[in-house]
Amino acid sequence: MARLERFYRRRIPVERVISPELARASAELSYEIRRQIGFLINRRGMIESVIVGTDRQLVIPLLARSRSGPRLLRGVRFVHTHLKDQPLTKDDLTDLALLRLDLMVAIGVGASGDLAQIFVAHLVPENSEGKTCTELAPTPFHAFQMECQEFVQSLESEIAKDAPALTATKGRPGALLISVFGRSWGEQEERIQETRELITSQGIDVLDIVEQRLANVNPKYVVGMGKLTDVIIQALQSGAEMLIFDRDLTPTQIRSISEMTDMKVLDRTQLILDIFAKRDHSQAGKIQVELAQLKYLLPRLSQTSTAFSRLGGGIGARGPGETKLETDLRRVRDRISHLERELKSLTKHRVQQRTKRTRHQVPVVSIVGYTNAGKSTLLNTLTDSHVSAKDRPFETLDTVSRRLRLSVGREIILTDTVGFIRDLPQGLLKAFRSTLEELHDADLLLHVIDASASDFDQQIHVVEAILAELELKKVPRIFVLNKCDRLPPGEVETLCRRHQAIGVSALHKDTLQPIHSAIVEGLRVLEEGKIIDIVEQETDSPLCSASQA
Ligand SMILES: Nc1nc2c(ncn2[C@@H]2O[C@H](COP(=O)(O)OP(=O)(O)OP(=O)(O)O)[C@@H](O)[C@H]2O)c(=O)[nH]1
Ligand SMILES: [Mg+2]
């Protein structure tokens, strides 16, 4: 024990991988106790940890995995003894990649406890062969020469050259998108595409996509250990600083993955919540988003320290101590109740406004649909308004109402709403419930569909399922296939027939007349009370079809 402790006092000259004295002393001790001995050595030549393993392997403790800064390499090398002069193992190389060590070194112990060969491996910059690390040829220890400091520095700058996302000039953060599930490839592709759009709309570059099809998701790391190692290497090579999953993770998974990889880990819900938080919206909208974020964070707070750093905005900072954590948990809970109270009073105000409107008996038609389907564009063109409409998800968060004079001289109120998305985070749905509740005031719903989206069938399904969850299926719907200008001419008619929908292009006012007619017809049917029969008989079918319009 005393001999082990003495190792800590040794200092290795910065230009050497290990001093011959330390190598000899550790080889001798290893030989005596029949165990591997390892050192984590920093760039100043100080020994940060001494680790003793079994005769065949050695586990680098988790503690040593804490990050010293935003480096490409960790700033420590691992030098350890191998009994029987054995070369580096697969585990050694995995650790090299996982921990992003400066070097992985094994010192072979000879048959009589003498120094035999030295085995050195290091990471390599991104290359076309997809190689992650390389091993130098084994050399007898006494003949080994390497200018350690110089070697590691030039290696790091070479890796940096190929990791553009990390260089200051680019300024945009980079992420690896990880997609795991057991569905069909087609569906996975669409989901990946959608998540990619969500990520880029946040100003983050997707540097690489990692796909894995798994029947069973790993409870701790989602993907298998081997795959996670590949992910870390890929992140290192591409310069990615965060991992974004296109699914939701449990608090434990977020914690384990960020501990293992030392990277910021985001799941789908967090990504969507972040997008919502960044968009401009009303006070109620802001409160709802913050509520959803805090509620999602709360269980993660009590579980993990890394997730917590998101609150302060600092990534990679070590978590707070137990007492601080408790204080913060209470602060979050207090904030939640405060926001809930505020939201309640705002909603009350809105209800009053709505009652006033109902008294005037102006029919309300609400536009609903998948995000980016063109809802706001449709509202703008129909009512000559200028609501923000952009080619990015979740542009609209607040309900906007405009008056629309229908061709027959009748007026309605047309409202635009937040878009839906598959697997809409439950917290968000709950948070937006009061906004979405206004949809209950609608006499008719215009379900706008992006007919040019490759998976628009799936999108219709998602929107209808959310409407069902909001108990809105009883409100009659008019299906509108939008962006028909992007479709080949013959296809529009077929699609409209199949979906009993009206085909339009929200960008072109002259295509919108059928919507006017369908609304007029829908309201007429409603007023005559015939709707009661229709709803009872066929809740799922649209009220108006293209032919009626
Ligand atoms: N080619 C074409 N593009 C359209 C049409 N309608 C909308 N767009 C475009 O689609 C993108 C999204 O339109 P928005 O109106 O913002 O969509 P939204 O449904 O309100 O989206 P969120 O509010 O984000 O849910 C914009 O870039 C529009 O210009 C159309 O009929 N044809
Ligand atoms: Mg919109």
Side-chain angles (χ1 to χ4, degrees), residues 193-203 271-282 285 288-289 365-402 404 414-425 428-429 431-432 435-436 438-439 445-456 458-460 462-464 466-467 470 477-489 491-492 495-496 499 501-515 546:
Q193 206 41 44
E194 185 174 280
T195 313
R196 181 200 268 274
E197 276 162 27
L198 290 171
I199 297 172
T200 43
S201 85
Q202 280 285 76
L271 179 66
I272 294 178
L273 287 172
D274 280 2
I275 294 175
F276 270 72
K278 279 214 184 125
R279 298 281 190 263
D280 283 337
H281 33 85
S282 69
Q288 292 175 98
V289 173
V365 177
S366 290
I367 306 177
V368 294
Y370 209 78
T371 186
N372 218 32
K375 301 179 292 299
S376 305
T377 311
L378 184 64
L379 177 97
N380 284 342
T381 313
L382 280 172
T383 64
D384 295 320
S385 311
H386 301 282
V387 169
S388 174
K390 281 190 192 146
D391 193 10
R392 60 177 194 180
F394 302 121
E395 181 56 20
T396 309
L397 294 189
D398 290 315
T399 310
V400 178
S401 300
R402 293 282 182 274
L404 169 63
L414 194 62
T415 63
D416 180 22
T417 50
V418 59
F420 298 157
I421 194 163
R422 73 197 77 202
D423 304 331
L424 188 71
L428 210 49
L429 193 60
F432 272 79
T435 309
L436 292 169
E438 292 186 21
L439 290 174
L445 297 179
L446 280 187
H447 179 166
V448 177
I449 300 147
D450 178 353
S452 71
S454 60
D455 61 338
F456 79 88
Q458 182 62 25
Q459 297 189 358
I460 295 176
V462 168
V463 172
E464 289 294 314
I466 294 173
L467 290 177
L470 294 169
R477 295 178 298 300
I478 298 170
F479 288 77
V480 178
L481 283 175
N482 187 32
K483 308 196 189 180
C484 283
D485 53 297
R486 288 190 181 165
L487 297 180
E491 214 171 284
V492 178
L495 283 181
C496 285
H499 294 277
I502 301 164
V504 302
S505 168
L507 292 175
H508 306 287
K509 198 165 189 163
D510 55 341
T511 66
L512 303 181
Q513 188 51 41
I515 293 187

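Numbers for residues simply follow the sequence, beginning at 1. Every number for a ligand or one of its atoms is a count from 1 in the order of the listing.
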Between ligand 1 and D416, is the shortest N or O to N or O distance under 3.5 Å?
no

Is there a heavy atom of H508 sitting under 4.0 angstrom from any atom of ligand 1?
no

Is the closest N or O pair between F394 and ligand 1 shorter than 3.5 Å?
yes

Heteroatom proximity flag, A506 to ligand 1, N/O under 3.5 Å:
yes

Does a donor on one side chain and an acceptor on the other come within less than 3.5 Å for S452 and R486?
yes

How far is atom 21 (O) of ligand 1 from the closest protein heavy atom, and which atom is that?
N372 N, 3.0 Å

At a non-hydrogen distance cut-off of under 4.0 Å, which region of L507 contacts ligand 1 (side chain, backbone, both, or neither)?
both

Please answer whether the main-chain N or O of A506 pairs with a side-chain N or O of T381 as donor and acceptor at a distance below 3.5 Å.
yes

Going from CD1 on I272 to CG on L424, what distance comes out if it is rounded to the nearest 0.5 angstrom?
6.5 Å

Any N/O of V504 closer than 3.5 Å to an N/O of ligand 1?
no

Enumerated ligand 1 atoms positioned under 4.0 Å from heavy atoms of G419
25 (O)

Atom indices of ligand 1, in the order listed, that fall short of 4.0 Å to a heavy atom of T396
20 (O), 22 (P), 23 (O), 24 (O)

Within a distance under 4.0 Å of any heavy atom of P393, pick out the atoms of ligand 1 and give their elements.
24 (O)

Please state which option from K483, E395, K390, K375 has its nearest heavy atom closest to atom 16 (O) of ligand 1.
K390

Apply side-chain contact (heavy atoms from CB on, under 4.5 Å) to the pair I502 and I478, showing each step before the final yes or no.
CA-CA 8 Å; I502 301 164; I478 298 170; 3.7 Å; yes

Here the vertex angle at the Mg ion (ligand 2) for OG1 of T396 and OG of S376, given to 10°, is 90°

I need the atoms of ligand 1 closer than 4.0 Å to a non-hydrogen atom of A389, numbered in the order shown.
14 (P), 15 (O), 16 (O)

In ligand 1, which numbered atoms sit nearer than 4.0 Å to a non-hydrogen atom of S505?
30 (C), 31 (O), 32 (N)

Is there a donor-acceptor pair closer than 3.5 Å between any side-chain N or O of T417 and the backbone N or O of I367?
yes

Just verifying a value: how many Å separate L481 CG and I460 CD1, rounded to the nearest 0.5 Å?
6.5 Å

Could you identify the single nearest non-hydrogen protein atom to atom 7 (C) of ligand 1 and state the distance to 0.1 Å?
T377 OG1, 3.4 Å

Test R392 against S201 for side chain to side chain donor-acceptor pair (under 3.5 Å), laying out the working first.
CA-CA 6 Å; R392 60 177 194 180; S201 85; over 6 Å; no

Just which atoms of ligand 1 are under 4.0 Å from any heavy atom in R392?
24 (O)

Please report the interatomic distance NZ(K375) to CD1(I449), rounded to the nearest 0.5 Å.
11.5 Å

Y370 pairs by side-chain hydrogen bond (donor to acceptor under 3.5 Å, both in side chains) with which of H447, Q459, R422, Q458?
R422

With a 3.5 Å distance limit and no angle check, can you tell me whether D416 reaches the backbone of V400 through a side-chain donor-acceptor pair?
no

May I ask you to check whether V418 has an N/O atom sitting below 3.5 Å from an N/O atom of ligand 1?
no

Can you name the atoms of ligand 1, numbered from 1 with element, that are less than 4.0 Å from a heavy atom of T371?
22 (P), 24 (O), 25 (O)

For ligand 1, note which part of N482 has a heavy atom under 4.0 Å away: side chain, backbone, both or neither.
side chain

Would you confirm whether S366, through its side chain, and L439, through its main-chain N or O, come within 3.5 Å as a donor-acceptor pair?
no

Main-chain N/O of F394 paired to T371 side chain as donor or acceptor, under 3.5 Å:
yes

So the atoms of ligand 1 within less than 4.0 Å of a heavy atom of D485 turn out to be 1 (N), 2 (C), 30 (C), 31 (O), 32 (N)

In the protein, which heavy atom is nearest to atom 17 (O) of ligand 1, and how far is it?
G374 N, 3.1 Å

Can you measure from NE2 (H499) to CZ (F456) and round to the nearest 0.5 angstrom?
4.0 Å

